[in-house]
Structures are given as C-alpha cells and as structure tokens.
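Some notes on the structure that comes next.
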Amino acid sequence: MGVGRRMKKQGPPPPLDESLVTKKRKVPLPENGVAKKRRTSGEELGTRPTKALAGKPANSGLKHSTKGSFGNGKKRQADKKNGSVKENAVGNARARTTPVSKEVLDGEVSEDEDGVDDPDIMEDELEGVAVGGLDALGSSDDEDLVGADEFLDSDSDVVDSDTEMRRGMWSDEDDEDAEEKLTAANIVGLSGRLDAQTAQDDLNAQAELEEDAMRTNIAGDRPKILADSDDDSEAGGTKLAPDLQLLRTRITDTIRVLDDFAKLAEEGRSRAEYTAQILKDICAYYGYSPFLAEKLYNLFPPREAFAFFEANESLRPVVLRTNTLRTHRRQLAQALINRGVTLEPVGKWSKVGLQVFESQVPLGATPEYLAGHYILQAASSFLPVMVLAPQEHERVLDMAAAPGGKTTHIAALMKNTGCIFANDANKNRAKGLIGNIHRLGAKNTIVCNYDALEFPKVIGGFDRVLLDAPCSGTGVIAKDASVKTNKTEKDFMRLPHLQKQLLLAAIDSVDHASKTGGYIVYSTCSVTVEENEQVVQYALNKRPNVKLVSTGLTFGKEGFTSYMGKTFHPSLKETRRYYPHAYNVDGFFVSKFKKVGPTAANATGAHVGAGDGVKADAADGKVDHTPVTDGEEQADDFGGFDDEEDQVYIERARKTSLRRKGTDPKSRKSSAKTNGTTDKARDVPKVTEETVATSNGDAKADATEKSPKTVHASKKKEAGLKKSVARR
Ligand SMILES: C[S@@+](CC[C@H](N)C(=O)[O-])C[C@H]1O[C@@H](n2cnc3c(N)ncnc32)[C@H](O)[C@@H]1O
C-alpha cells in the first residue's frame with residue numbers, strides 16, 4: 001500500500017509566532033505527551049523528511065487538513081467512533097509515512113529528469129502522498145483568476161454545515177446525490193475532530209512556549225549568546241559534531257535579541273555580531289553554504305528568515321492539476337476517492353487543483369493518470385499560467401516549456417484552440433514535454449528545441465509569451481537540498497544574465513498590436529532578487545515599450561521596490577512573491593508585462609543582430625555581453641523585421657542553397673514562385689522529433705533538417721520564415 005505524508009492545506013500561514021519557530025524537530029521526542037502534542041501542532045510547517053527522527057509522527061497536523069476532508073469515509077467514521085481523535089491522528093500519521101512506491105512513480109512521471117530549477121519536479125520526485133482533508137471543490141473547471149480573499153480564506157472557507165459543505169463542493173452540478181453520500185459520512189466526524197485538534201494545538205503551542213522560555217532562561221533575562229572568544233565548539237564549532245539542540249536554541253535566542261535589541265542585547269555587542277552568529281548557526285544547523293545562507297537571510301526580517309529556513313526542511317503538499325481537456329475535477333476527485341485517495345480542492349484560488357493527503361495507490365500510475373486526466377504539479381506552478389491567462393484562438397509561446405506542466409495547462413485554458421509553441425533547449429527534457437503533451441491530449445501544440453535566445457527569429461508575433469525561466473531553484477530547496485551548497489556567486493551572475501537576455505527575447509517575440517493579448521509573463525522558482533526584481537528592472541530599462549501590469553493575483557507578497565540600497569521602479573510592486581513559509585507553496589516569483597509598442601530599431605538584446613558588442617548594464621553595473629544591433633533591422637510588431645527586406649534575404653538564401661546543391665537558381669526561379677508553399681513548408685521551425693497536430697486535428701507541421709544552430713547563422717532567412725509559419 002502506498003501511503004504518504006500528511007500535509008497542511010495550501011493557504012496562508014498563521015502569523016509568525018513562537019509556535020512556528022520553536023519546534024525542535026531535531027530533538028528526540030520526549031516520552032511525555034506534551035512534547036508529542038507539540039510536534040503534532042508543529043506541523044504548521046510540515047514535515048522535515050530529511051531529518052526526521054525515528055518514532056516521530058510525520059506530518060500529523062490535522063488542524064488545516066482534516067476540515068472537510070474528502071476521501072474514504074470508512075476511516076473517518078472509525079475515528080469518530082473511537083472518539084480518541086488525537087491518538088488516531090498521530091497513529092495514522094505514523095502509519096502513513098511509508099512512501100509511495102518510487103519505482104511506480106518513476107515509471108510514469110520521470111519526464112523531468114534534472115528539474116533542479118523546476119517546480120514541477122514534484123511529478124518526478126514524488127515519494128509519498130499525504131493524508132488529510134478537504135474543503136470545497138470549486139464550482140467549475142473553468143479556471144479564473146480569483147482574488148486574495150479567496151486564496152487567503154481557503155482554510156476558513158470550510159464550513160461546518162453539512163449543506164454548505166456540499167454546496168461548496170459540487171455547486172456546479174445538479175445531481176449531487178452521489179456526492180452527498182460521499183461526503184455526509186465524513187463531515188460530522190471531521191468537524192468534531194477538527195475542533196478537538198484546534199483546541200489541542202493551542203494548548204500545545206502554549207506548552208511549547210513555556211517550555212522554551214524555561215529552558216532558555218530568556219523570560220526576563222538577557223540571553224548569553226555570543227562567545228567571549230572565537231571558541232564556540234559548544235554548539236556549532238568545528239571541534240565537535242554540532243549539537244543541534246543547542247544550535248537551535250541559540251538561533252531562537254538570537255532572533256529574540258534581534259527582535260528587541262535594545263532590551264535583550266548584551267552590553268557592548270553590536271547587531272552585526274548577532275547577525276554573524278545566527279548566520280553561522282543557520283549554516284551549521286540547516287547545512288547551507290555561508291554564501292547562500294546570507295543571501296536568503298537578507299530577504300527577510302530575522303524571525304521570518306528562520307521560518308523560511310524551517311519551511312525548506314519540509315516538502316510542500318502533493319497537488320495535482322485536473323486536465324480539463326479530458327475530465328472535470330469533480331469526476332476526477334470521485335474516481336480517485338474510489339481508489340482510496342484522500343484529497344481536497346487546493347483552495348478557492350484554483351478550480352482545477354486537488355491537494356492529495358493520502359493515497360493507497362501510486363498517483364503516477366493510476367488509470368486516470370495514464371489516461372491524462374491529471375498531472376502532478378506543484379501549486380505554485382499554476383500561478384504563471386493563471387497570470388498569462390491565454391485566450392482561445394491565440395498564438396502563445398512557452399519559451400522554456402519542459403516538462404510541460406504549464407504548456408498543457410495553457411492548452412487546457414485555450415481549450416485546444418489556437419496554437420502553442422512549446423520550446424525547450426534541452427532535448428532530453430523536450431522528450432518529457434512531448435510525452436506530457438500526448439498524455440494530456442494537447443492538440444494545439446508544436447514542440448521545438450531552440451535556445452530561446454533565438455526567438456523571435458525562429459518565430460515571433462505571439463499574442464502571449466510565457467518565460468518560466470531556468471533559475472537557481474532557491475524556492476524549491478525542500479525538493480532539492482543540494483541547492484543549499486551547490487549554488488555559488490558565479491551562478492548568481494550567470495543565471496540572471498541568461499534570464500535577462502531570455503526576457504528581452506520574450507518581449508521581442510510578442511505582437512504589441514495583438515487584439516487580445518500583447519502580454520509576457522516572467523516567472524522563476526527562485527526567491528533571490530537577482531533573478532527576479534533585477535531581471536524585471538533590466539527589461540524595463542532595455543525595453544521602454546513594455547510596462548508591468550497587475551498579475552491579477554492579489555494574494556502573494558509584493559515584489560521589492562527597493563532592496564539593500566537598490567531602488568527599483570515603483571511598478572515592481574505589481575509583481576508577486578511566494579514563499580514556502582507564507583503560503584505552504586514552493587518559493588516562486590511571477591510578473592506580467594504588457595507590450596505597448598514595437599521594440600525600437602536601436603534596441604539591444606538577445607535577438608538583435610549577431611554583433612559582439614559589449615557594454616555596461618545600466619541596471620546593475622555588471623558587464624553585459626548583449627550583442628549590439630547593427631541597425632539593419634527595423635522595428636515592427638515582431639520586434640524588428642521588415643517583410644520586403646526579408647524577402648530579399650530569403651531569395652538570396654534560396655539561391656545560395658541551390659547553388660550549393662549544384663543547381664542553377666535561375667532554372668528553379670519560376671517553380672519556386674509558382675509553388676509558393678515550398679519554402680514555407682521547409683522553413684517552419686525545427687520541430688522536435690514529432691509534431692503535434694494543430695487544432696483542426698489534421699494539420700501537421702513538417703520537421704525540418706535545420707538544427708537550432710543554423711537559425712542563428714541565417715537570421716534574415718528566419719525572419720521571413722517566422723512570418724510564413726505565423727500565417728499557417
Ligand atoms: C523551470 S524549467 C521550465 C518548467 C516548465 N515551464 C514547466 O512548467 O514544466 C526551465 C526550463 O528551461 C530550459 N532552458 C534552460 N535554458 C534554456 C534556453 N536558453 N532556452 C530554452 N530553454 C531553456 C530548461 O531545459 C528547463 O526545462
């Protein structure tokens with residue numbers, strides 16, 4: 001039986017209080033009940049699988065997850081009968097820690113192979129599924145953006161009334177009989193259990209606070225934190241193995257001091273000394289490199305930083321996205337419940353997400369999975385596509401698309417109309433992309449395998465472009481702990497540089513005159529300012545023809561408008577940041593641009609010219625190797641091409657090609673003219689291995705012999721080609 005971890009429901013966290021930051025999950029469980037309970041309540045921040053202790057109930061927090069839970073009613077009835085809610089909860093959670101068969105999961109969801117920078121790696125790395133509850137399934141599978149209140153209230157939306165619960169779950173359906181039966185069995189027991197759990201959690205939190213206050217002797221006294229000399233071998237020093245409990249205590253004590261420095265700091269000690277100490281302790285306790293620990297610590301006030309580091313020790317909830325091209329969420333939920341899956345809607349902010357709490361089957365191998373009824377996808381990965389808001393019949397570019405979680409989401413929102421170009425530079429990952437596109441039944445999608453910097457020369461004039469950029473993955477450390485140590489200063493220069501160039505290419509690939517769109521969405525699963533606000537600011541500097549607009553996601557934290565002495569454009573507040581500790585989702589950044597005019601002829605950027613100019617980056621003072629335009633290209637809707645001029649180059653290239661093949665171009669001229677489709681058919685962008693049928697179901701784009709590298713060499717030729725493809 002595949003079972004998994006219990007998780008907190010997606011949604012806002014409780015305020016950052018001591019109950020969040022004084023858990024001692026590294027400390028062996030005391031035998032007394034208080035400590036056990038405290039751990040249970042401490043699941044506010046989820047599990048810490050990498051450092052879990054034997055005997056510790058994994059993710060047993062029921063506070064958020066059981067309310068309105070949706071699953072096999074038998075278990076809940078049993079719970080109710082027993083009346084010993086707490087014991088059941090803990091016991092069940094312990095029993096549920098056995099991971100889902102990795103082999104089976106891998107067999108079906110391994111499209112995303114490296115995935116370090118990919119929030120959707122959840123699909124590949126899933127080792128277990130959670131146990132838990134449910135509130136309201138949305139009313140429709142048509143996904144709309146929803147406001148902050150709905151997101152933030154996603155926990156409190158749950159109502160105790162049987163009637164209201166059912167209405168919330170299935171309000172889009174008339175025939176609710178089945179659902180009534182399904183849920184009625186759960187509701188009374190769940191409601192009572194939740195109340196008991198809530199009361200217990202409050203007690204636990206209080207007990208924990210008192211315990212900490214006593215042990216650290218901080219209630220009233222100035223804690224002794226800083227060593228008199230450099231010798232701190234007592235806790236995190238190098239002489240002995242670090243004492244994790246002492247380290248943790250010192251971290252929490254230091255946070256208290258930094259919170260109330262005037263009152264609690266030792267005399268003659270500076271804030272910098274305490275900061276240095278806490279950074280050292282964070283490195284020792286959580287295993288970060290000093291470089292990355294400082295970078296991440298600086299994003300938050302000390303107490304929130306601690307919550308962030310803590311949250312990185314727990315996996316986020318397992319979430320699946322209903323593929324509305326193949327099914328409805330209600331039907332999918334029913335089918336999975338019948339297989340022994342406990343799930344609930346991810347929150348009102350999405351009408352297609354289901355959070356899984358427990359499963360008796362491997363979620364990557366169910367018939368529904370194989371039939372493409374859902375994809376395992378981190379909740380935060382829904383956001384960029386919701387922000388992109390693709391419309392039916394549009395042309396959309398997904399610049400860095402593998403393994404296709406967002407591409408297939410876009411296809412679903414477009415109801416398989418229009419056309420999506422799903423590009424990824426990594427051929428192996430592109431294979432996974434193709435697999436997902438087929439499995440999920442996206443029929444309006446063409447897969448290509450270019451370095452996205454080649455756009456818009458490959459093809460441009462899109463209504464919308466999504467750039468879900470390669471990044472450092474500092475938002476998904478819970479999934480990939482290697483990020484803690486393997487990201488260096490060099491990465492935070494190399495990646496932002498690439499991201500900046502990719503973003504310019506994305507902007508230049510959009511048709512500013514699009515009647516329905518003209519939007520670019522830039523997202524990363526990183527939380528660093530270098531990869532987010534600084535990249536956006538760079539684009540604003542380089543492309544005055546774009547402006548930031550609202551993401552429509554009124555939940556999430558505003559992007560920085562200033563950070564460590566750097567000031568960004570005030571509109572950066574339109575961007576959104578997501579943190580694991582704040583919303584129980586992967587760390588994420590989303591921004592949305594509107595293109596309001598053509599890219600200037602003298603604009604510089606990844607797509608422009610093949611020059612080698614090197615100039616200073618006005619935004620951050622770093623050297624920018626952006627090629628400088630030779631001024632040949634004219635601005636147009638696609639960002640600098642001219643049809644007539646292109647035609648000359650195309651013709652010249654055609655002749656050259658014929659000559660190379662030993663054919664006299666003059667002898668072929670008339671046939672080329674009479675058969676105007678010849679070049680067009682040959683010149684569509686290189687399509688990876690296979691081409692997906694377009695929306696009418698029969699049109700097949702031809703694969704070309706061109707390699708991505710040839711695109712760069714024949715830029716003028718491509719300029720015409722993109723037009724021809726665009727008109728297909
Ligand atoms: C964050 S992942 C994309 C995840 C994808 N959007 C999804 O939702 O499934 C970033 C992707 O960018 C690709 N990539 C990296 N550099 C690229 C480049 N220069 N051009 C195009 N794709 C690139 C990587 O292969 C990787 O698949």
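Note that this is a predicted model, so its numbers are computed, not measured. These values consider heavy atoms only, across backbone and side chains, with no hydrogens, waters or symmetry-generated copies.
Judged by distance alone, with hydrogens and angles left aside, the side-chain atoms of Glu533 form a donor-acceptor pair with the main-chain N or O of Phe560 at under 3.5 Å. Between the side chain of Arg429 and the main chain of Ala402, a donor-acceptor pair closer than 3.5 Å is present. No donor-acceptor pair under 3.5 Å is formed between the side chain of Arg316 and the backbone N or O of Ser380. Of the possible donor and acceptor atoms, none in the side chain of Thr445 sits under 3.5 Å from a partner among the backbone N and O of Ala442. Judged by distance alone, with hydrogens and angles left aside, the side-chain atoms of Asp398 form no donor-acceptor pair with the main-chain N or O of Ala422 at under 3.5 Å. Looking at Lys595, its side chain does come within 3.5 Å of a backbone N or O of Val510 through a donor-acceptor pair. Checking side-chain atoms of Ser381 against main-chain N and O of Gln377 turns up no donor-acceptor pair under 3.5 Å. Within the 3.5 Å criterion, the main-chain N or O of Leu279 finds no donor-acceptor partner in the side chain of Glu294. The backbone N or O of Ser562 sits nowhere less than 3.5 Å from a side-chain atom of Thr567 that would complete a donor-acceptor pair. Counting only distance, with no hydrogens or angles, the side chain of Lys592 and the backbone of Pro384 share no donor-acceptor pair below 3.5 Å.
You'll find the side chain of Tyr522 stays beyond 4.5 Å of the side chain of Leu466, heavy atoms only. Counting heavy atoms from C-beta on, the side chains of Pro580 and Asn312 come closer than 4.5 Å. In this structure the side chain of Val521 never reaches within 4.5 angstrom of the side chain of Ser591, judged on heavy atoms. Counting only heavy atoms from C-beta outward, the side chains of Val596 and His512 never approach each other to under 4.5 Å. A 4.5 Å side-chain heavy-atom check between Arg577 and Val527 finds at least one atom pair inside the cut-off. Residues Lys487 and Thr474 form no side-chain contact, since every pair of their non-hydrogen atoms from C-beta on lies 4.5 Å or further apart. At least one side-chain heavy atom of Tyr297 sits under 4.5 Å from a side-chain heavy atom of Phe309. Using a 4.5 Å heavy-atom cutoff, the side chains of Gln537 and His569 are in contact.
How far NZ of Lys566 is from CD of Gln534: 4.0 Å, rounded to the nearest 0.5 Å. Note that the CG atom of Leu376 and the CG atom of Leu320 stand 6.0 Å from one another [nearest 0.5 Å]. Here Thr528 contributes atom OG1 and Leu495 contributes atom CG; the two are 8.5 Å apart, rounded to the nearest 0.5 Å. A distance of 4.0 Å separates CG of Asp463 from OG1 of Thr516, quoted to the nearest 0.5 Å. The CE atom of Met399 sits 4.5 Å away from the OG atom of Ser509 when rounded to the nearest 0.5 Å. The structure places CD1 of Ile507 at 5.5 Å from CD1 of Ile520, a figure rounded to the nearest 0.5 Å.
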*Walk me through it: do Val465 and Tyr519 pass the test side-chain contact (heavy atoms from CB on, under 4.5 Å)?*
CA-CA 7 Å; Val465 174; Tyr519 293 103; over 6 Å; no
*Under the ring pair (Phe, Tyr, Trp, His ring centres under 6.0 Å) criterion, do Tyr374 and Tyr369 qualify, and how do the steps go?*
CA-CA 6 Å; Tyr374 65 90; Tyr369 177 87; 5.6 Å; yes
*Test Val536 against Phe589 for side-chain contact (heavy atoms from CB on, under 4.5 Å), laying out the working first.*
CA-CA 11 Å; Val536 169; Phe589 175 86; 3.9 Å; yes
*Go through the steps for Thr322 and Arg330 under the test side chain to side chain donor-acceptor pair (under 3.5 Å), then give the verdict.*
CA-CA 9 Å; Thr322 310; Arg330 183 182 59 81; over 6 Å; no
*Begin with the C-alpha distance, continue with both residues' side-chain angles, and end with the deciding distance and a verdict on side-chain contact (heavy atoms from CB on, under 4.5 Å) for Gln355 and Leu343.*
CA-CA 5 Å; Gln355 183 174 338; Leu343 43 73; over 6 Å; no
_Set out, in order, the CA-CA distance, both residues' side-chain angles and the distance that settles side-chain contact (heavy atoms from CB on, under 4.5 Å) for Val483 and Leu292, then state yes or no._
CA-CA 9 Å; Val483 173; Leu292 192 65; 4.2 Å; yes
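Using modelled atom types and a 3.5 Å distance limit, the side chains of Arg576 and Tyr578 yield no donor-acceptor pair. When only modelled atom types and interatomic distance are considered, Asn436 and Thr408 share no side-chain donor-acceptor pair under 3.5 Å. Counting only N and O atoms by type, the side chains of Ser526 and Ser472 include a donor and acceptor under 3.5 Å apart.
Applying side chain to side chain contact (heavy atoms under 4.5 Å, CB included) to Val396 and the options Leu388, Asn444, Leu413 leaves one that passes, Leu388. Across Asn323, Thr324, Val385, a single residue satisfies side chain to side chain contact (heavy atoms under 4.5 Å, CB included) together with His409, and that is Val385. The side chain to side chain donor-acceptor pair (under 3.5 Å) test with Tyr538 singles out one residue from Gln501, Lys500, Gln499, His497, and that residue is Gln501.
For the pair Thr524 and Cys471, the tightest heavy-atom approach, listed with the atom from each and the gap, is CB-CB, 4.0 Å. Residues Ala478 and Leu315 approach most closely at O-CD2, 3.3 Å, considering heavy atoms. Nearest heavy atom pair, residue Val535 against residue Pro496, reads CG2-O, 4.2 Å. Nearest heavy atoms, Ser523 versus Phe588: CB-CE2, 3.8 Å. Here the shortest heavy-atom pairing between Leu504 and Ala539 reads CD2-CA, 4.1 Å. In terms of heavy atoms, Ser514 sits closest to Gly517 at OG-N, 2.8 Å.
Using a 30° and 60° split on the angle between ring planes, Phe300 and Phe308 fall in the tilted class, from 30° to 60°. The aromatic rings of Tyr286 and Tyr288 stand perpendicular to each other, their planes meeting at an angle above 60°, with 30° marking the opposite boundary.
Salt bridge Glu313/Lys484: present, at least one basic N to carboxylate O contact under 4.0 Å. With respect to Asp508 and Arg543, a salt bridge is recorded, a charged nitrogen being found less than 4.0 Å from a carboxylate O. Between Lys515 and Glu394 there is no salt bridge, since none of the side-chain N atoms of the basic residue sits less than 4.0 Å from a carboxylate O of the acidic one. A salt bridge links Asp491 to Arg494: one of the charged nitrogens lies within less than 4.0 Å of a carboxylate oxygen.
Under the salt bridge (charged side-chain N to carboxylate O under 4.0 Å, His left out) criterion, Lys557 pairs with Glu304, not counting sequence neighbours.
Under a cutoff of 6.0 Å and an axis angle of 45°, Arg395 and Phe462 form a cation-pi pair.
Counting non-hydrogen atoms of neighbouring residues, nucleotides and ligands closer than 6.0 angstrom, the NZ atom of Lys547 reaches no more than 12 such neighbours.
For Phe492 and Phe291, the distance between ring centers is under 6.0 angstrom. With ring centers used as reference points, Tyr563 lies 6.0 Å or more from Phe568.
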